[in-house]
Amino acid sequence: MAKEKKANQICNKFGASMEKIVSLAKRRGFVYPSSEIYGGLSATWDYGPLGVELKKNIQEIWWKEMTRLQDNIVGLDAAIMMHPRTWEASGHVENFSDPLVDCKQCKTRFREDKLPQENIDNKQCPECGGELTEPRQFNLMFTTHLGPVQDSGSVVYLRPETAQGIFVNFKNVVDTSRVQIPFGIAQVGKAFRNEITTKNFIFRTCEFEQMEMQFFVKPGTDDEWFEYWKEQRMKYYVEQLGILPENLHFHQHGEGELAHYAKDAYDVEYQYPFGWEEQEGIHNRTDFDLGRHSEYCGKEINYLDPQTNERYIPYVIETSAGLTRSVLVCLMDAYHEETIGEDKNGKPDVRTVLHLHPNVAPIKVAVLPLVKKDGLAELAKDIQKELSEDFATFYDQSGAIGRRYRRQDEIGTPFCVTVDYDSKDNNDVTVRFRDSMEQIRVPRAELAARLRQEIKNYKRA
RNA sequence: GCGAAAGUAGCUCAGUGGUAGAGCUCCACCUUGCCAAGGUGGAUGUCGCGGGUUCAAGUCCCGUCUUUCGCUCCA
């Protein structure tokens, strides 16, 4: 069986498979199964020392790109628990609750509301004609109780998406931050969905993190803005996260696929070993959300154009990216097994390397003394201390130098700084590049500036 | 939730009723003057968890939890 499993392992062309990523993630401290000492908890994962750096880096890049570099997008951090009426207005109470039936014979599962009426009436499976079970209500929203009394009046939901926190604060932001349409509100945070099944490591989990930006525009200009953000978001993956363009494409939602709020929707999809899957959604949510909240809270939610004195409910272009899912994409896309010649026994020498964009790499610079005697270790530690002001660094003196390079390759460290005997005399160091394995000599005084420049100009080969 | 398979060291796995194993990893020292796997020594496990059968269970039986693959869907 074990051998069968190996044969069935799906790899991309660089040798990355889900199993190898999971194994590397655990082994090197990116992602651990949650509550592992108790046997693990279904579909929950913890981020280890390297994983948390990677995740934070992605989040910071997104935040910078979506707020600080934009003059008309502001940030927000809304609570995970929101007034229950929020989810009635949003349509989640209605639409996130699926009646499920199973066929007792062929074990296929259906959403009862999507079956032909005659099959519903006589409880017959459309596939095999077998008998269907009674429908069971399955709501994708987690519930809990707010306050000490656990009655039906105290029920609150854990938010299934962060977007509603933005919509309910639309008026607050307009009234207090002098934004004018077109403008956006960005938010990063956790969301929770009680998925029927989770799968593929951190790809689909019940607790996940979203990076969402809702862009408010004048009705009629929404199609233009939709196109604009579509383009921007695709560029982000290639230029900011360093994802290979051939592993990305758009998927447009067809009629039946569109969510209850959407007029048009494109997904940025990534080519995983298990197929093309969504990474980010760019949706035209129209005035659905603000309109519904207006209706449900009984207050006018609209926008008064200060120039024309026109009053309207803005349309919303949403970009909704998965942060935890981005961690997986970065790892998956960066993972390469490269054969670089032969070893001493004539066998192919394979190095495992993560070609992470330096922006996202958990460690930017490893500082390594060529040998640990003759004062080189002390000098290297000095240099590491100096660099750690500006970069995430790592010091390693154990084992042969080539071995230490390989260790850094495996966790995606883009630069190794090696301190040798000449460093003592000339006050310079070797910088070794992860991708090309080339080396250059850099004066110690220029080191930080040079590394900063290399990160800025980085282009994935 | 239903069906199928699996769970033994940090990782990959061997171990079919009789003292818990291997390779890699990890730690210390030596070696190493720029691309891993050289030397010496060392650490690591309630064999997922609970119960049962047996003189004896990692191994057989029952339960349970978790993971993987399908059904489902979507950030």
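Chain naming here is simple, since letters A, B, ... match the order of the sequence lines and numbering starts at 1 in each. Remember, predicted model here, so these are calculated numbers, not experimental data.
- Rounded to whole Å, the distance from NZ on A:Lys26 to C1' on B:rA9 is 11 Å.
- One P atom belongs to B:rC60, the other to B:rC26, and the distance between them is 35 Å to the nearest Å.
- For A:Trp276 and A:His251, the ring centers are positioned 6.0 Å apart or more.
- Within the 4.0 angstrom heavy-atom criterion, base atoms lie near A:Val350.
- Considering only the side chain of A:Trp45, B:rU68 comes nearest among B:rC35, B:rU68, B:rC34.
- Put simply, the side chain of A:Thr430 and the base of B:rC34 share a donor and an acceptor less than 3.5 Å apart.
- Taking the P atoms as reference points, B:rA57 lies 41 Å from B:rG38, given to the whole Å.
- Rounded to whole Å, atom C1' of B:rU12 lies 16 Å from atom CD1 of A:Ile21.
- Side-chain atoms of A:Ser90 and A:Gln164 form no donor-acceptor pair, as typed in the model, at a separation below 3.5 Å.
- Comparing the C1' positions of B:rU8 and B:rC47 gives an interatomic distance of 4 Å, to the nearest angstrom.
- A:Asp374 and A:Tyr421 form a side-chain donor-acceptor contact under 3.5 Å, judged by distance and modelled atom types alone.
- Residue A:Phe203 contributes atom CZ, which lies 7 Å from atom C1' of B:rC74 at whole-angstrom precision.
- Whole-Å rounding puts the A:His251 NE2 to B:rC73 P distance at 13 Å.
- A gap of 12 Å separates the C1' atoms of B:rG21 and B:rG58, to the nearest Å.
- Whole-Å rounding puts the A:Gln439 CD to B:rG33 P distance at 15 Å.
- Side-chain atoms of A:Asp349 and base atoms of B:rA36 include a donor and an acceptor less than 3.5 Å apart.
- When each of A:Arg441 and A:His283 is assigned the nucleotide of RNA chain B bearing its nearest heavy atom, the one mapping closer to the 5' terminus is A:Arg441.
- With hydrogens and angles ignored, a donor-acceptor pair under 3.5 angstrom links the side chain of A:Arg432 to the base of B:rC35.
- No salt bridge links A:Arg403 with A:Asp396; every basic N to acidic carboxylate O contact stays at or beyond 4.0 Å.
- By the 5.5 angstrom centroid cut-off and the 30-degree plane limit, A:Tyr421 is classified as stacked against the base of B:rG33.
- Taking atom CG on A:Leu24 and atom C1' on B:rU12, their separation rounds to 13 Å, with Å as the unit.
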Nucleotide N/O to protein N/O under 3.5 Å, stretch nucleotides 24-32 of chain B:
unit_1, atom_1, unit_2, atom_2, d
B:rU25, OP1, A:Arg403, NH2, 2.6
B:rC26, OP1, A:Arg407, NH1, 3.0

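- For a distance-only test at 3.5 Å, the side chain of A:Arg193 fails to qualify as a donor-acceptor partner of the base of B:rC74.
- At a threshold of 4.0 Å, the pair A:Lys381-A:Glu378 does not count as salt-bridged, since none of the basic side-chain nitrogens sits closer than that to a carboxylate oxygen.
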